[in-house]
Amino acid sequence: MAEIVLGAWTTHGPTLSTTPEEWLLRLPADKAKKDHPFRGSTYDFPALVELRKDEDLGAKATLAERTRRLALCREGIDRLADIFEEARVDVAVIFGNDQHEVFLDNLIPALTVFNGETIWNAPATPEQAAKSPPGIHASEWGHKPPQYTEYPGHPELANRIIRQAVGDGFDVARASKLLETPDNWHSGIGHAFGFIYRQIMRDKPVANVPLFANTFFPPNQPTARRCFEFGQSVGRAIRAWDSDARVAVFGSGGMSHFVIDEAFDAMVVDAIQAHDAETLCAIGEEYFQAGTSELKNWIAAAGCLFETDLSGDLIAYVPCYRSAAGTGTANGWLAWDKKTEA
């Protein structure tokens, strides 16, 4: 039977693929936004500054600190990439999300399995780049190749996941092609997956199955519990697969952003390390707003991995602040693998 040999959780945001100076490209949008979600309430920028003044976050957002923290992030990425290479993986399953990259407002499924033969990606055209949100195009190299590129999908495993999911009561959507969307700001596979291909798999992706969750856009976002249970279903499909493939499972997204909450991030990591499914599943929707919602991909991966005998440690946790209001992106990496006896 197929064997899950690696479980990995990674952030994937633009902070990781831009310079410390470019982090501030997002600051005007931070200041203009009137409803930043934070711990179950919403605040404008001045209110966040006042609320968090005792945390001295401005000192954590200086250029020197941004530079230091980005270097720590690069170390975390490199370490996870090394672990992936050492695992000798044949196939990967990636829990990720979509942000109007593949799915637009004409159709946004709650959960989707990609079962196509090939997965393509390409840099944005100049017209698409002009439509990118502030500070996003500068990070494109981190999740898009310099030219049109095709990567291998894995229809056999994807179809097994679909059949298992339907049998387990999930009405999943399936996609076998990525369409050209010239009027959109983005083309090809989304950044949740492209980041792993480029920076964790180092542009040598193995055959893989992208699994999309709609974490961002109401009203059909799956709950944390539903994501965890979907992960359990995916795990059953992998374990029942009559193959000698070595499989990696990724949770791609998070951590808390666009307002950083270190205590919340620590709670999620601690629950994963303790195999505490109920704590993960019981987190309320008010905490999964904006970018923090991507942690549902981590929870789905946890559902898949809790039934394995893998273990490991947090590689790094680096909160990357860009303002005294606490805006920015918290980044982290966690890996579970098979430990060999000394």
Side-chain angles (χ1 to χ4, degrees), residues 1-11 80 83-84 87 89 91-97 110-111 113 157-158 160-170 172 192 196 200 208-213 215 222-241 243 245-255 264-285 287-288 292-315 317 332-340:
M1 293 299 176
E3 182 181 18
I4 300 175
V5 298
L6 176 65
W9 293 263
T10 177
T11 46
L80 183 55
I83 291 170
F84 175 79
V89 167
V91 183
V93 172
I94 306 173
F95 292 92
N97 61 289
L111 295 168
V113 178
L157 178 55
R160 287 181 174 275
I161 289 171
I162 291 169
R163 287 192 289 270
Q164 181 71 51
V166 171
D168 288 338
F170 291 89
V172 292
I196 290 177
I200 306 303
N208 66 99
V209 180
L211 305 175
F212 298 85
T215 71
T223 63
R225 187 176 300 278
R226 192 65 169 162
C227 289
F228 185 87
E229 291 170 349
F230 179 59
Q232 290 178 307
S233 177
V234 172
R236 285 190 283 270
I238 296 171
R239 291 192 298 274
W241 182 25
S243 168
R246 295 170 60 85
V247 181
V249 173
F250 284 93
S252 177
M255 299 175 86
F264 180 77
D265 292 331
M267 181 267 291
V268 171
V269 171
D270 289 348
I272 289 174
Q273 290 293 71
H275 290 64
D276 184 353
E278 188 53 35
T279 290
L280 295 173
C281 291
I283 300 171
E285 285 297 294
Y287 287 92
F288 288 119
T292 306
S293 70
E294 293 176 345
L295 279 170
K296 288 180 177 178
N297 303 326
W298 284 42
I299 292 173
C304 187
L305 292 163
F306 277 10
E307 296 301 317
T308 71
D309 60 356
L310 305 181
S311 63
D313 299 311
L314 181 69
I315 295 169
Y317 174 74
W333 300 270
L334 179 66
W336 287 358
D337 56 11
K338 285 189 170 293
K339 305 301 180 185
T340 57

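Position 1 is the first residue of the sequence, and the numbers go up from there.
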Between Ile283 and Val268, is a side chain to side chain contact (heavy atoms under 4.5 Å, CB included) present by the stated rule, with each step listed? CA-CA 9 Å; Ile283 300 171; Val268 171; 4.2 Å; yes

Ring of Phe230, cation from Arg225 - is the NZ or CZ under 6.0 Å from the centre and inside 45° of the axis? no

Nearest 0.5 Å, what's the [atom1]-[atom2] distance between [X] and [Y]?
X	Y	atom1	atom2	value
Leu334	Leu314	CG	CG	6.0 Å
Ile200	Phe84	CD1	CZ	9.5 Å
Phe250	Leu211	CZ	CG	12.5 Å
Cys281	Ile299	SG	CD1	7.0 Å
Gln164	Leu157	CD	CG	11.5 Å
Asp168	Arg163	CG	CZ	13.0 Å

Side chains of [X] and [Y], heavy atoms from C-beta outward: is any pair under 4.5 Å?
X	Y	result
Pro222	Leu111	yes
Val247	Val89	no
Met255	Leu295	yes
Asp265	Thr292	no
Asn208	Ile196	no
Arg226	Phe170	yes
Arg236	Arg160	no
Ile238	Cys304	yes

If you look at every heavy atom in Ser252 and Ala192, which pair is closest and at what distance?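 Closest approach of Ser252 to Ala192, heavy atoms only: OG-O, 2.6 Å.
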
Which atom pair, heavy atoms only, marks the closest approach of Ala271 to Thr279?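 Taking every non-hydrogen atom into account, CB-CG2, 3.9 Å.
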
Expected output: side-chain [X] to main-chain [Y] donor-acceptor under 3.5 Å:
X	Y	value
Arg239	Met1	no
Ser293	Phe288	no
Thr308	Leu305	yes
Thr11	Gly254	no
Asn297	Gly251	no
Asp270	Met267	no

Identify each donor-acceptor pair in which a side-chain atom of residues 3-10 lies under 3.5 Å from a protein atom, sequence neighbours left out, and give them as a table.
| unit_1 | atom_1 | unit_2 | atom_2 | d |
| --- | --- | --- | --- | --- |
| Glu3 | OE2 | Lys338 | NZ | 3.4 |
| Trp9 | NE1 | Trp298 | O | 3.0 |
| Thr10 | OG1 | Trp333 | NE1 | 3.0 |

Hey, would you say the Phe95 and Phe212 ring centroids sit under 6.0 Å apart?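 Aromatic pair excluded; centres sit 6.0 Å or further apart.
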
For Lys296 and Glu285, what are the C-alpha separation, side-chain angles and deciding distance, and is it a side chain to side chain contact (heavy atoms under 4.5 Å, CB included)? CA-CA 10 Å; Lys296 288 180 177 178; Glu285 285 297 294; 2.9 Å; yes

Full working for side chain to side chain contact (heavy atoms under 4.5 Å, CB included) between Leu280 and Phe306: CA-CA 12 Å; Leu280 295 173; Phe306 277 10; 4.0 Å; yes

Stepwise side chain to side chain donor-acceptor pair (under 3.5 Å) check, Trp336 with Gln273: CA-CA 10 Å; Trp336 287 358; Gln273 290 293 71; 2.7 Å; yes

